[in-house]
Amino acid sequence: MNLFAEIRALIVQSLHDMAEAGELPAGLDTAAVAVEPPRDKGHGEAASNAAMVLAKPAGLSPRAIAEKLAARLAQDARITQADVAGPGFLNLTLAPSAWQGVVRAALVMGADFGRSTTGQGRRVNVEFVSANPTGPMHVGHVRGAVVGDALSNLLAFAGWQVTREYYINDGGAQVDVLARSAYERYREAHGLDPEISEGLYPGDYLIPVGEALKARFGDSLLDKGEQYWLAEVREIATDLMMTEIKGDLAALGVKMDVYSSEKALYGTGQIEAAIKTLRDMDLIYEGVLEPPKGKEPDDWEPRVQTLFRSTAHGDDVDRPVQKSDGSWTYFAPDIAYHFNKVQRGFDELIDIFGADHGGYVKRMKAAVSALSNGRVPLDIKLVNLVKLYKNGEPFKMSKRAGTFVTLRDVVSQAGAEVTRFMMLTRKNDVPLDFDFAKVLEQSKDNPVFYVQYANARIGSVMRKSTESGMAVDDASLAKADLSLLTHPAEIDLMQKIAEWPRLVDIAARGNEPHRVAFYLYELASEFHGLWNRGNDEPSLRFVQAGNTATALAKVALVRATGVAISAGLAILGVTPVDEMR
RNA sequence: GCACCCGUAGCUCAGCUGGAUAGAGCGCUGCCCUCCGAAGGCAGAGGUCAGGGGUUCGAAUCCCUUCGGGUGCGCCA
């Protein structure tokens, strides 16, 4: 039920009819024809560019096409007026019944209102978080987790088959550092002074790991060289850290479908196979890279490396996949991992990275492009910094070494749901300010509160209606005489509700979950506005005396608003509240 | 030096695979609050969409270029 899509279909059909009637050349491409809510109220209720985009290929003037198109459209029951304006815009005014139909659709469809099939059941893999398993999640990870999760919800709602995936970076040197750090805590557990030297992880969160190691090994690892314990301690420590991270994610309300391990790629031939696949395409060669201009490292020496010809797929320079000692660079297992995702049959891949990984985007896209023969698009969303504040002052945790603002800190102070909503009030690629005081403020400045307050008012209307003896379940409301809702202010709210299915498609097309948050704010604003008008115009109040047809219709509108708010909040992963406390 | 991201009202930011007179919140000015929940409401002022050039019927949006801010640039992931 996307009214704008229906009107667009009507226009495309009319264009087809015009071609049959000889008024237009046959076989015109209508892909660029759009129908959208006009910004300006003076331009009708739905506007189309159809005549303008077809004018050139048809060899006709836009206004001539628009005139004939308008005449045909005016025949349709849903359209009460079709005007040609400006250079050839088609401005349509719709019958109130068309908007009222949206209210009924929302009531009938409930939580599925706005659900789309544009994904056509295609499979998309969303990889996000992928924090190193060397400690608890910190604030920097939170935004990526929320964006990835909300995007996954959005795509699922738009008809995609979504896999949420976490790539565990457990194959590099950082997990050796973790093991050595944990070993010091193990020594500490035996009453020895830990030697947390430079480069080790100093965080207190490893103390319990030391205890766990003591419980497991007793004193058998003390005074032994790391060749005796490194591998085992590494595995135990990374497992414990992953348990910690999974708990962090759960606290935020994020649940992954798949955890993939980098380490598991080693020794199985997967990396070698992926590299060989590229080599067979003549995309792997031995060569020497030029030093970066203007920022030459002091110790630069030309050296022969195994390189991936990523420039053949849009990168700026070729990238090394092997270190000079023959071991793989971090890029090699990443290539193998993405090859694995391609081989699992996904139709699209999405990676959510921190903005500091921006330099990694082109080579990863190049690798996926090469390994899938251009079949599988990879979209990489860069998530920018979160700056923490409290009452406008930069927020810092203790400067003591090893402490940082963790995900748990954020969730315990702001709550998971508020955090999720606030993290989506910016586009992913711009920095975001997060003020612990403001996000809990109960005022219009706070979008979470503003949207929830709208829903609470809706809950209030529903309660009052029930108390007055009305049957306000969705099935009863769907039978209400919605033709009684004709006031322009009510039509405005219905139009905003009608935008929801369209917004889902737009947001999903661009992989932009933040649009949902902005839409909810607009919808809440429209609802509050109508509520407030009821102060001056009693006929616009939602709660009307008596169990009349008018009362029922108004409650139906209120409930439809609630349906749209709930659907949007569900994508953000936020539970709507029926009451403010 | 190169690449990527960003630059929109005093501030923080939206802005739909290009669409009409560029929007919201805060702040500012004025008016209003016995009323379904005022946890406020209504109205107004405020813009060279960083600058310049190009493509187009039409550009905040696409291309080129300059400036400013951020991020990154071979054996860290």
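Every heavy atom of this structure was used, including side-chain atoms; hydrogens, water molecules and symmetry mates were not. Because the structure is predicted, anything quoted here is derived from the model rather than measured. Numbers restart at 1 for each chain; the letters A, B, ... are given by sequence-line order, proteins then strands.
Straight-line distance between the C1' atoms of B/C57 and B/C6: roughly 31 Å, to the nearest whole Å. Spacing of P atoms, B/G69 relative to B/G23, comes out at 31 Å, to the nearest Å. For B/C26 and B/G41, the P atoms lie 8 Å apart once the distance is rounded to whole Å. Look at the C1' atom in both B/A77 and B/C73: the space between them is 15 Å, to the nearest Å. Nucleotides B/G7 and B/G58, compared at atom P, are 25 Å apart to the nearest Å. Separation of the C1' atoms belonging to B/G68 and B/G74 is 30 Å when rounded to the nearest angstrom.
Contacts of A/A34 with the nucleic acid, taken as non-hydrogen atoms under 4.0 Å apart, are absent. Counting non-hydrogen atoms under 4.0 angstrom, A/N91 reaches a base of the nucleic acid. At the heavy-atom level, A/S460 lies under 4.0 Å from base atoms of the strands shown. At the heavy-atom level, A/A55 lies nowhere under 4.0 Å from the strands shown. Residue-level contact check: A/V177 touches neither bases nor backbone, having no heavy atom under 4.0 Å from any strand. Residue contacts shown for A/G172 are limited to sugar-phosphate atoms, with no base heavy atom under 4.0 Å away. Backbone-only engagement by A/F518 is indicated by non-hydrogen atom pairs under 4.0 Å involving sugar-phosphate atoms exclusively. Looking at heavy-atom distances under 4.0 Å, A/N49 makes contact with a base. Within 4.0 Å (heavy atoms only), A/R541 reaches at least one base atom of the nucleic acid.
Both tests do not hold together for A/R319 against A/F331: distance to the six-membered ring centre under 6.0 Å, angle to the ring axis within 45°.
When distances run from any side-chain atom of A/D433 to the nucleotides B/C36, B/U12, B/A77, the shortest one goes to B/U12. Set against B/C16, B/G74, B/C75, the side chain of A/R509 has B/C16 as its closest nucleotide. Listed nucleotides: B/G25, B/A77, B/G19. Nearest to the side chain of A/E262: B/A77. For A/Y330, whose side chain is taken as the heavy atoms from C-beta onward, the closest listed nucleotide among B/C35, B/A77, B/G19 is B/A77. Distances were taken from every side-chain heavy atom of A/N535 (C-beta onward) to each of B/C35, B/A3, B/A77; the shortest belongs to B/C35. In the set B/G19, B/A20, B/G15, B/G19 carries the atom at the smallest distance from any side-chain atom of A/E36. The A/P87 side chain lies nearest to B/G19 when the options are B/G72, B/G25, B/G19. Closest to the side chain of A/Q174, from the set B/A38, B/G15, B/A77, is B/A77. Set against B/G25, B/A20, B/A77, the side chain of A/F89 has B/A20 as its closest nucleotide. In the set B/U12, B/A77, B/A38, the nucleotide with an atom closest to the side chain of A/R426 is B/U12.
With a cut-off of 3.5 Å on both Watson-Crick or G-U wobble distances, the partner of B/A38 is given as none. Checking B/G44 for Watson-Crick or G-U wobble geometry (two distances, each under 3.5 Å) identifies B/C28 as its partner. B/C16 is unpaired under the criterion used here, namely a Watson-Crick or G-U wobble arrangement in which both key atom distances are under 3.5 Å. Under the Watson-Crick or G-U wobble criterion, with both distances below 3.5 Å, B/U55 has no partner in any strand shown. Pairing of B/G72, defined by two Watson-Crick or G-U wobble distances under 3.5 Å, is identified with B/C2.
At a cut-off of 3.5 Å, with distance as the only test, no side-chain donor of A/D351 or A/Y167 sits close to an acceptor on the other residue. In summary, the side chains of A/E165 and A/Y337 do present a donor paired with an acceptor at a separation below 3.5 Å, with no hydrogens or angles considered.
Put simply, the side chain of A/Q452 gets close to the backbone of A/V577: a donor and an acceptor are under 3.5 Å apart. Remark: the backbone N or O of A/D578 is paired with a side-chain donor or acceptor of A/R463 at under 3.5 angstrom.
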Reading 5' to 3' through nucleotides 61-68 of chain B, protein heavy-atom contacts under 4.0 Å coded B for base, S for sugar-phosphate only, - for none = --------

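Side-chain nitrogen and oxygen atoms of A/H528 include none within less than 4.0 Å of the OP1 or OP2 phosphate oxygen of B/A24. Between A/K56 and B/C57 there is a side-chain polar atom (N or O) within less than 4.0 angstrom of OP1 or OP2. For B/G15, one of the phosphate oxygens OP1 or OP2 lies less than 4.0 angstrom from a side-chain nitrogen or oxygen of A/R515. OP1 or OP2 of B/A77 sits under 4.0 Å from a side-chain N or O of A/K323. For the pair A/W531 and B/A38, the criterion of a side-chain N or O lying under 4.0 Å from OP1 or OP2 is met.
Between A/H357 and A/F353, the two ring planes are tilted [angle within 30° to 60°].
The CG atom of A/L432 sits 16 Å away from the C1' atom of B/G70 (whole-angstrom rounding). Nucleotide B/C2 holds its C1' atom 20 Å from the OH atom of A/Y360, rounded to whole Å. For A/R502 and B/U17, the CZ to P distance is 8 Å, given to the nearest whole Å. Following rounding to the nearest Å, A/Y450 (OH) and B/U12 (P) show an atom-to-atom distance of 22 Å. Rounded to whole angstrom, the span from the CG atom of A/D351 across to the P atom of B/A77 amounts to 18 Å.
Taking CG of A/N384 as the reference point, atom NZ of A/K427 lies at 11.5 Å (rounded to 0.5 Å). Taken from CG in A/N132 to CE in A/M241, the straight-line distance is 12.5 Å, to the nearest 0.5 Å. With rounding to the nearest 0.5 Å, the separation of CZ in A/R541 from NZ in A/K554 is 11.0 Å.
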Set out, line by line, the N/O atom pairs under 3.5 Å between protein and nucleotides 5-10 of chain B.
residue: B/C5; atom: O2'; partner: A/D429; partner atom: O; Å: 3.4
residue: B/C6; atom: OP1; partner: A/D429; partner atom: OD2; Å: 3.4

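With salt bridges taken as basic N to acidic carboxylate O contacts below 4.0 Å, none links A/K390 and A/E393. Looking at A/D492 and A/K41, a side-chain N of the basic residue comes within less than 4.0 Å of a carboxylate O on the acidic one, giving a salt bridge. Ionic pairing of A/E348 and A/R122 is not present here: no N-O contact between side-chain nitrogen and carboxylate oxygen is shorter than 4.0 angstrom.
Other residues, nucleotides and ligands place no more than 12 heavy atoms under 6.0 Å from the CD atom of A/E235. Heavy atoms of other residues, nucleotides or ligands lying less than 6.0 angstrom from CD of A/E301 number 12 at most.
In this structure, the aromatic ring of A/H43 is positioned over the six-membered ring of the base of B/A20, centres within 5.5 Å and planes within 30°.
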